[in-house]
Amino acid sequence: MQTLNVVETGLSYLQACLDYYVDGCAYFLLYLLALIVILVKGTKREQQIFLPSALLLILSVYNPVFPVVLAKIFDVNKEYYRFFWLAPVIVLVPYACTKLFFAQTNRTRKMIVGAGLALVLCLAGNLSYFKNYVWTSNIYKMPEELMTVSRLIHEDSEVEYPKVLMEYQYNMEMRQYDPSLLLTIDREDYLYAMSNAYSDEMLKDETMPQYKLLAKLIHCQDISDEAFKQALDATDTEYIVVSGGNGNVPYFGKNGYRLVAQTENHLIFHYALKERKGFELIDYSELRGE
């Protein structure tokens, strides 16, 4: 979502969000058609449930002026798109389709209406095989190389839950695949780092050692070797995974970081912590009465 900015986009921000996340406004139009179905054919109870929420959404979420005004108060760039999946929207479209289908009085009409609805729902979206869809090679739907990186780190590590510093894409994917690899950088810090360099004042903040790590890893800012290692120690980070094209590869290679392994596109470095803090899962067994 960091690719869209309401301040820069202005009144077209809503349309940009729809294009980016739902491939245009087709689903929104289906929602409006579903509202018409409920308005014309719906029972009083159905109208009481769906129409007030629709009016609220049209005046707020689907009002082009709304995100612009909201941005004056809050930072909506990273969260606004989630409004599109609010329950009234995702519930009403299939509900209205089901209502239309069962409203038909004979089998032939049901087959025709059912086929028509299925066709509309399919064509309203963006079929995956229209965009060179490639079947995944594993049940996790993750790159094979990422899974290899995970395995190599676990094979090399002396602890069950090693902490790892990774580049943005791997950081986002690894948190979905292997929760036993503890990630040094959280999502919000990474989203900031992807579009912002770090000021000298921020880098002097000893309570935020991850700033130094991101400044070096993402922006190749001038961070001393000692300061970088102090940040690794402060965050208990033992492993660093970078792509082969990362500008810091020579830096890691000549400053005492052990090369654990090199995959097709990535290198895994190990840093010997001065003192490992360790990590243990919280034991909730007593709460369950075990």
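Fair warning: this is a prediction, and the values are worked out from it, not measured in the lab.
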| Test log, rule salt bridge (charged side-chain N to carboxylate O under 4.0 Å, His left out), inputs Glu46 and Lys41 | CA-CA 9 Å; Glu46 289 171 337; Lys41 295 289 187 179; over 6 Å; no
| task | Start with the C-alpha gap between Asp225 and Lys229, add the side-chain angles, then the distance that decides, and say whether salt bridge (charged side-chain N to carboxylate O under 4.0 Å, His left out) holds. | result | CA-CA 6 Å; Asp225 182 47; Lys229 290 180 176 179; 3.3 Å; yes
| message | Once you measure the plane-to-plane angle for Tyr177 and Tyr140, does it fall in the parallel (<30°), tilted (30-60°) or perpendicular (>60°) bin? | response | perpendicular
| task | Measure the spacing between OH of Tyr271 and CZ of Phe252 and express it to the nearest 0.5 Å. | result | 12.0 Å
| Checking ring-ring contact (aromatic ring centres under 6.0 Å, His included) for the pair Tyr257/His270: CA distance, chi angles, key distance, verdict? | CA-CA 6 Å; Tyr257 299 86; His270 176 265; 9.5 Å; no
| message | If hydrophobic clusters are built by linking Ile, Leu, Val, Met, Phe, Trp and Tyr wherever their side-chain heavy atoms come under 4.5 Å apart, do Met208 and Ile185 end up in the same one? | response | yes
| remark: Heavy atoms of Ala197 and Tyr192 approach each other most closely as O-OH, 4.0 Å
| Under 3.5 Å, is there a donor-acceptor pair between the Thr237 and Thr184 side chains? | yes
| said: Using salt bridge (charged side-chain N to carboxylate O under 4.0 Å, His left out), reason through Asp156 and Arg258 one step at a time and then give a plain yes or no. | reply: CA-CA 11 Å; Asp156 184 77; Arg258 175 172 61 89; 3.0 Å; yes
| query | How about Asp178 and Ser150: does a side-chain donor come under 3.5 Å of a side-chain acceptor? | reply | yes
| field | Hydrophobic cluster identity match, Ile240 and Leu214, side-chain contacts under 4.5 Å | value | yes
| field | NZ or CZ of Lys216 within 45° of Tyr251 ring axis and under 6.0 Å | value | yes
| Do you see a donor-acceptor pair shorter than 3.5 Å between the side chains of Ser243 and Glu167? | yes
| How far does OG1 of Thr263 sit from CZ of Arg151, to the nearest 0.5 angstrom? | 10.5 Å
